[in-house]
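The analysis underlying the following values was restricted to heavy atoms, covering all of them including side chains, and did not include hydrogens, waters or symmetry mates.
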Amino acid sequence: MAVSQVLGNLSVADFLRDYWQKKPVLIRQGVPGFVSPLSPEELAGLACEEDVPARLILESAGARPWTLRHGPFVEEDFTSLPEDGYSLLITDCEKLIPDLMTLVAQFRFVPDWRIDDLMISYAPPGGSVGAHIDEYDVFLLQGMGRRKWMIEFPPKHSDFVPDLDIRLLQEFDPTEEWVLEPGDMLYLPPGVPHHGVAVDHCMTFSIGFRAPLLHELAAGVTDRLITQMDQTARYGDPDLQAPANPGALNASSRAKLRAILQSVLDQDDAMLDRFIAETLTERPLDHASFYPQNEPLDAKALRDEIAHSGDTLMRTPAARMLLVEDESDSAGGTLAVDGQGMVLDAQTLPLARLLVAQVFYDAAELLAVTEQPAAAELLQQLYADGVVQWRPNMLSI
């Protein structure tokens, strides 16, 4: 699947300045001539596999309105569906089918740590998931058929219907609507009420972008700061004096406790940057099945395979990598991979730069940056951990 652009005639600079996290925009033929690489039948087949995050939403054919069912499904689940009034959704599709990263990679004008996943949905004519709000940025790319999208902007309603399996808005007053055809794309910032209804049999590709919850970011960083402390150290008060009120936390004790906590938080920028990168790249527990079991190879054998096999390595789509270069040392830094920081030096930094800059790696470039033993060992370690993998020769399920 070849994709060379995703914003149509809109430049990246104009999009980021005028629309990103600000307001919706419809982009006609954002991906000109886009053809879905999957058929509805193939999507249904994928939903029958183990460890595939698949959902069926039934408007009225379930035990109650808007019933949500989780996969894996079996063939009878689909043959027994009504003719309309349902939607099939599969998240993390680029992790299940790595070649779909050729599409996701075209959205890397937004930093990697903000990219969440590619969801593919199918609906028969009239099918929808109701009017709702997403708490993330999303590009809705039409892949097959037509879908009518309606939005409410600026948002006016945010209350949800109680006691449903999914979160649907109690009220929705659309201010704009469009019918999207294959290649058309609608961008929505977080919090914009929207409702998509299939005009005919249609598939939509949703590229979503996560923003970390600030309390989770703070928790991840402070947890790492705590690990730097002496785990046996205790509070001490050899200068204790009899208090006027034993039940009060007096001023001198408060000052001492504040100083202890401030000393934990008062770290240099380099350490905080590393802990932030490690927190942002933490691997979700349910992503383990998305990592390949690569054939065991030592560093030399891996380089030989890259040089002579004709195959290409790629970043495993589920893997999260961030490079933090040392501003005080042009030959140092940290490579954060799935929540773990790896210290870089002059031998390994060029490899790290290549690994985070690209998704699909050129063999000659990989060989050039792994000539040094430390770099070859780092690549072998990432390969053994499934962070990089051989690129599939073709799109397959």
If you define the side chain from C-beta out and look only at heavy atoms, does anything of [X] sit under 4.5 Å from [Y]?
X      : Y      : result
Glu305 : Glu295 : no
Gln106 : Leu7   : no
Leu261 : Arg258 : no
Val6   : Phe107 : yes
Val192 : Ile133 : no
Ile166 : Ile57  : yes
Glu325 : Arg353 : yes
Tyr383 : Leu297 : yes

Quick one: does any side-chain atom of [X] pair with a main-chain N or O of [Y] as donor and acceptor, under 3.5 Å?
X      : Y      : answer
Asp326 : Gly332 : no
Gln21  : Asp137 : no
Arg254 : Leu249 : yes
Ser36  : Leu38  : yes
Thr175 : Ile151 : yes
Gln340 : Thr281 : no
Thr91  : Met119 : no
Gln142 : Met144 : yes
Asp184 : Gln29  : yes
Thr348 : Leu344 : no

With rounding to the nearest 0.5 angstrom, report the [atom1] to [atom2] distance, [X] to [Y].
X      : Y      : atom1 : atom2 : result
Asp385 : Tyr291 : CG    : OH    : 9.5 Å
Trp66  : Asp165 : CH2   : CG    : 11.5 Å
Gln389 : Asn294 : CD    : CG    : 7.0 Å
Cys93  : Phe205 : SG    : CZ    : 7.5 Å
Thr67  : Arg64  : OG1   : CZ    : 6.5 Å
Leu89  : Leu56  : CG    : CG    : 8.0 Å

Could you tell me which non-hydrogen atom of [X] sits nearest to which non-hydrogen atom of [Y], and how far apart they are?
X      : Y      : answer
Leu43  : Ile90  : O-CD1, 3.4 Å
Gly220 : Thr279 : C-OG1, 3.3 Å
Asp298 : Ala301 : OD1-N, 2.7 Å
Gln267 : Leu272 : O-CD1, 3.9 Å
Gly127 : Ser87  : C-OG, 4.1 Å
Leu323 : Ala352 : CD1-CB, 4.1 Å

(message) Is there a side chain to side chain donor-acceptor pair (under 3.5 Å) between Gln170 and His157? Walk through the geometry before answering.
(response) CA-CA 8 Å; Gln170 285 186 340; His157 302 106; over 6 Å; no

Are more than 12 heavy atoms from other residues, nucleotides or ligands located less than 6.0 Å from atom [atom1] of [X]?
X      : atom1 : result
Asp163 : CG    : no
Asn9   : CG    : no
Lys300 : NZ    : no
Leu265 : CG    : yes
Gln241 : CD    : no

(request) Decide side chain to side chain donor-acceptor pair (under 3.5 Å) for Glu365 and Gln358; before the verdict, give the C-alpha distance in whole Å, the side-chain angles of both, and the deciding distance to 0.1 Å. (result) CA-CA 11 Å; Glu365 291 180 340; Gln358 301 177 15; 3.1 Å; yes

(request) For side-chain contact (heavy atoms from CB on, under 4.5 Å), just list the numbers for Leu26 and Leu180, CA-CA rounded to whole Å, side-chain angles, deciding distance to a tenth of an Å, and then say yes or no. (result) CA-CA 9 Å; Leu26 173 68; Leu180 272 63; 3.6 Å; yes

Indicate if [X] and [Y] have the same hydrophobic cluster label, given that clusters are the connected sets of ILVMFWY residues with side-chain heavy-atom separations under 4.5 angstrom.
X      : Y      : result
Val12  : Leu10  : yes
Leu366 : Leu335 : yes
Val388 : Leu349 : yes
Val129 : Ile120 : no

(request) Please say whether the positively charged group of Arg315, taken as NZ for Lys or CZ for Arg, lies over the ring of Tyr361, i.e. under 6.0 angstrom from the six-membered ring centre and within 45 degrees of the axis. (result)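 Ring-cation test returns no.
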
(request) Give a yes/no verdict on a cation-pi contact between Arg69 and Tyr86, requiring under 6.0 Å between NZ or CZ and the six-membered ring centre and an angle within 45° of the axis. (result)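 So Arg69 doesn't make the cation-pi contact.
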
(request) Indicate whether any N or O donor in one side chain lies under 3.5 Å from an N or O acceptor in the other, for Asp134 and His194. (result) yes

(message) Under a 3.5 Å threshold, yes or no: a donor from one side chain and an acceptor from the other, between Asp116 and Tyr136?
(response)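 Not at all, the side chains of Asp116 and Tyr136 share no donor-acceptor pair under 3.5 Å.
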
(message) Let's go through His132 and His195 carefully: what are the C-alpha distance in whole Å and the side-chain angles of both, what is the deciding distance for ring pair (Phe, Tyr, Trp, His ring centres under 6.0 Å) to 0.1 Å, and is it a yes or a no?
(response) CA-CA 7 Å; His132 63 284; His195 185 198; 8.0 Å; no

(message) Taking Arg274 first and then Glu278, would you say they form a salt bridge - that is, a charged N and a carboxylate O separated by under 4.0 Å?
(response) yes

(request) Considering only NZ, NE, NH1 and NH2 on the basic side and carboxylate oxygens on the acidic side, decide whether Asp311 and Arg391 come within less than 4.0 Å. (result)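 The answer is no: the pair does not qualify as a salt bridge.
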
(request) Would you please test Leu88 and Arg55 for side-chain contact (heavy atoms from CB on, under 4.5 Å) and show each step? (result) CA-CA 6 Å; Leu88 171 64; Arg55 294 170 291 162; over 6 Å; no

(message) Please evaluate residues Arg108 and Asp112 with respect to the criterion salt bridge (Lys or Arg N to Asp or Glu O under 4.0 Å), reporting the C-alpha separation (whole Å), side-chain torsions for both, the decisive distance (0.1 Å), and the verdict.
(response) CA-CA 6 Å; Arg108 294 182 76 216; Asp112 285 348; 2.8 Å; yes

(message) Restricting to ring-ring contact (aromatic ring centres under 6.0 Å, His included), what partner residues turn up for Phe209, sequence neighbours left out?
(response)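 For Phe209, the residues satisfying ring-ring contact (aromatic ring centres under 6.0 Å, His included) (neighbours in sequence not counted) are Trp20, Phe139.
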
(request) For Asp266 and Ser263, run side chain to side chain donor-acceptor pair (under 3.5 Å): C-alpha distance rounded to whole Å, both residues' side-chain angles, the deciding distance at 0.1 Å, then the answer. (result) CA-CA 5 Å; Asp266 186 19; Ser263 69; over 6 Å; no

(request) Run through Arg210, Arg224, Arg320 and flag the one making a salt bridge (Lys or Arg N to Asp or Glu O under 4.0 Å) with Glu282. (result)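 Looking at Arg210, Arg224, Arg320, the match for Glu282 under the salt bridge (Lys or Arg N to Asp or Glu O under 4.0 Å) is Arg224.
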
(request) Not counting sequence neighbours, list each pair that qualifies as a salt bridge (Lys or Arg N to Asp or Glu O under 4.0 Å) and has a residue in residues 233-245. (result)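 Matches after skipping sequence neighbours: Asp239-Lys256.
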
